[in-house]
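First listed ligand is number 1; within each ligand, the first listed atom is number 1. Quantities reported herein were computed from a predicted structural model and do not represent experimental measurements.
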Amino acid sequence: MEKRNSIIFDTTLRDGEQSPGASLTVNEKLVVAHQLARLGVDVIEAGFPIASEGDFEAVKLVAQNVKGPTICGLARANDADIDRCWEAVKYSDKPRIHTFIATSKVHREKKLQKSKEEIIELAVKAVKRAKSYCDDVEFSPEDAARTSLDYLCDVVKAAINAGATTINIPDTVGYSEPKEFGDRIRYLFEKVPEAKDVVISVHCHNDLGNAVANSLAAVEAGATQVEGCINGIGERAGNASLEEIVMNLVTRQDYFNVNVNVNTREIYRTSRLVSNLTGIDIQRNKAIVGDNAFAHEAGIHQHGILQSKQTYEIMTPEEVGWTGENLVIGKHSGKHAVLALLEEEGFQLDKETITQVTERVKELADKEKSVERDDVIAIARDITHQLSDEEQFVKLMEFSVVTGSNMTPTASVKLRVDGEMKIAAGIGDGPVDAVSNAIWQMVDPSLKLQDYHLKAITGGTDALADVSIKLSDENYNLFVARAVDEDVIRASVKAIIKGINKALNYREKIQTQG
Ligand code: KIV
Ligand code: ZN
């Protein structure tokens with residue numbers, strides 16, 4: 001039988017970034033998008049342009065600069081969203097508008113309070129408006145996996161007739177079981193003959209841990225586009241992990257008989273980049289990209305591997321780009337060594353940033369005996385994680401702390417909050433506690449510090465301090481932020497303020513979405 005092509009659609013920058021705490025700056029999004037293009041994904045969903053100024057800028061910047069993949073933006077089924085989306089994606093050689101509206105009974109009745117007919121009308125109107133701007137239009141009936149089958153077919157038929165070129169079937173809440181989801185796709189092909197003339201896509205969430213299995217079941221049933229995120233990041237339990245889908249399709253070509261355009265050797269680097277920039281660590285035993293994915297510790301396995309790799313390895317580490325080179329940075333290493341190490345870690349930095357990182361590495365090297373790999377990664381992370389001026393609702397102006405053997409640590413902090421200068425003093429059990437208490441007096445009381453973690457990156461009292469914090473908002477969304485500095489208190493203050501800004505940016509984005 002002739003091999004089909006499977007379109008790989010990456011939504012790390014849209015659905016992946018929607019997970020609280022994962023928010024990336026505009027420049028970080030561009031860096032990830034360039035790496036996704038090197039990976040060879042067919043479509044990059046770069047963001048939700050109407051959601052915030054930052055999202056709009058990011059989609060526009062990606063559309064202007066990233067060549068190769070189709071650049072897509074998300075829009076709800078209304079004129080304002082679609083117009084804004086087009087304003088951002090129109091700079092791409094291959095723009096796509098992705099519009100959606102919920103179709104399941106619970107969403108129709110509880111969220112939208114619209115009848116079945118009204119939803120179809122809105123879907124058709126949205127697809128037609130998107131089509132008036134560009135040929136490539138994707139339509140998603142949100143919560144399709146919980147939508148009654150025959151109504152789903154009616155919606156899909158109407159969207160195709162209105163001009164949609166891709167129909168995406170999302171399992172929005174990760175509710176499906178693999179066979180059931182595959183059957184849903186088969187039913188669609190059976191009842192909507194027009195479906196074979198467009199791309200049928202799937203988009204699965206991982207709430208029951210089935211996202212990859214459901215996506216693959218859909219490919220078996222005839223779906224020709226699969227959506228997912230690098231490292232499986234995303235809201236709640238995440239989206240389908242794109243690298244797992246790709247490696248299933250590649251490793252088991254004998255089973256799926258499907259072609260993908262992805263350069264699998266870029267997988268490891270992409271995965272590390274996304275983890276480094278989002279601050280979301282990769283589980284050690286995660287398939288394909290976890291630290292243990294290719295480690296064989298058991299004696300019996302090692303014996304087998306030594307005889308023939310095929311005994312226990314179904315794919316090679318090289319195939320996913322895992323070189324295991326582990327470059328070491330010495331005190332005298334220059335820009336090239338720093339660049340090589342960071343490239344291995346998935347960073348793609350411009351010249352100016354490489355110079356900044358190298359300068360900080362040298363400063364550290366002058367103070368410390370040796371600079372280790374993790375120091376360099378931490379410095380690069382710190383520099384590339386800076387929020388843009390617009391993203392800094394709260395800005396640190398200055399702080400001081402007084403502490404001693406027989407006194408309660410006291411801090412004074414000056415912040416600019418939404419353009420207004422504020423000063424507060426705080427006391428605490430230690431100096432970090434004192435500055436933290438001073439900061440919290442000046443910011444929204446619904447934000448709460450949930451976790452504080454301090455790590456000395458390498459040994460010694462002169463080691464870099466790597467502080468990660470977690471804070472929550474009034475809706476229990478969690479935000480993670482991280483900062484590195486030679487001074488523990490400075491690193492702590494920077495991390496707390498970064499976390500507060502992430503939460504405030506997220507709130508603004510949600511408020512805009514309504
Ligand atoms: O999960 C979902 O339903 C979505 C849609 C916008 C496609 O992300
Ligand atoms: Zn989704």
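Using a cutoff of 4.0 Å between basic side-chain nitrogens and carboxylate oxygens, Asp473 and Arg507 are not scored as salt-bridged. Under 4.0 Å is where a charged nitrogen must lie from a carboxylate oxygen, and between Arg129 and Asp83 at least one such pair does. Between Lys94 and Asp136 there is no salt bridge, since none of the side-chain N atoms of the basic residue sits less than 4.0 Å from a carboxylate O of the acidic one. Between Glu87 and Lys90 there is a salt bridge, with a side-chain nitrogen of the basic residue lying less than 4.0 Å from a carboxylate oxygen of the acidic one. Comment: Glu244 engages Lys286 in a salt bridge, judged by a side-chain N to carboxylate O separation of less than 4.0 angstrom. Using a cut-off of 4.0 Å between Lys/Arg side-chain N and Asp/Glu carboxylate O, Asp81 and Arg84 are scored as not salt-bridged. Electrostatic pairing of Arg96 and Glu138 counts as a salt bridge here, judged by a charged N lying under 4.0 Å from a carboxylate O.
In this structure, of Ala75, Ala102, Ser140, the residue bringing a heavy atom nearest to atom 7 (C) of ligand 1 is Ser140.
The nearest heavy-atom contact from the protein to atom 1 (O) of ligand 1 is His205 NE2, 3.0 Å. Of the protein's non-hydrogen atoms, His203 NE2, 3.5 Å is the one closest to atom 4 (C) of ligand 1.
If you look at the Zn ion (ligand 2), the protein N, O or S atoms less than 2.8 Å from it are Asp15 OD2, His203 NE2, His205 NE2.
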> Given the rule in the side chain to side chain donor-acceptor pair (under 3.5 Å) test, do Gln283 and Asp281 qualify, once you have shown the distances and angles that lead to the verdict?
Replying inline: CA-CA 6 Å; Gln283 170 193 330; Asp281 290 336; over 6 Å; no
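Each of the atoms 3 (O) of ligand 1 lies under 4.0 Å from some heavy atom of Glu142. Taking every heavy atom of Asp15 and a limit of under 4.0 angstrom, the matching atoms of ligand 1 come to 8 (O). Those atoms of ligand 1 that come under 4.0 Å of a heavy atom in Pro170, given as number and element, are 2 (C), 3 (O).
Put simply, part of Arg14 is less than 4.0 Å from ligand 1, judged by heavy atoms.
Under 4.0 angstrom from ligand 1, the non-hydrogen atoms of Thr172 come from both its backbone and its side chain.
For the side chain to side chain donor-acceptor pair (under 3.5 Å) criterion with His203, the lone passing option out of Asp15, Asn214, Thr172, Thr11 is Asp15.
Taking the six-membered ring where the residue is Trp, Tyr133 and Trp86 present parallel rings, their angle staying beneath 30° rather than reaching 60°.
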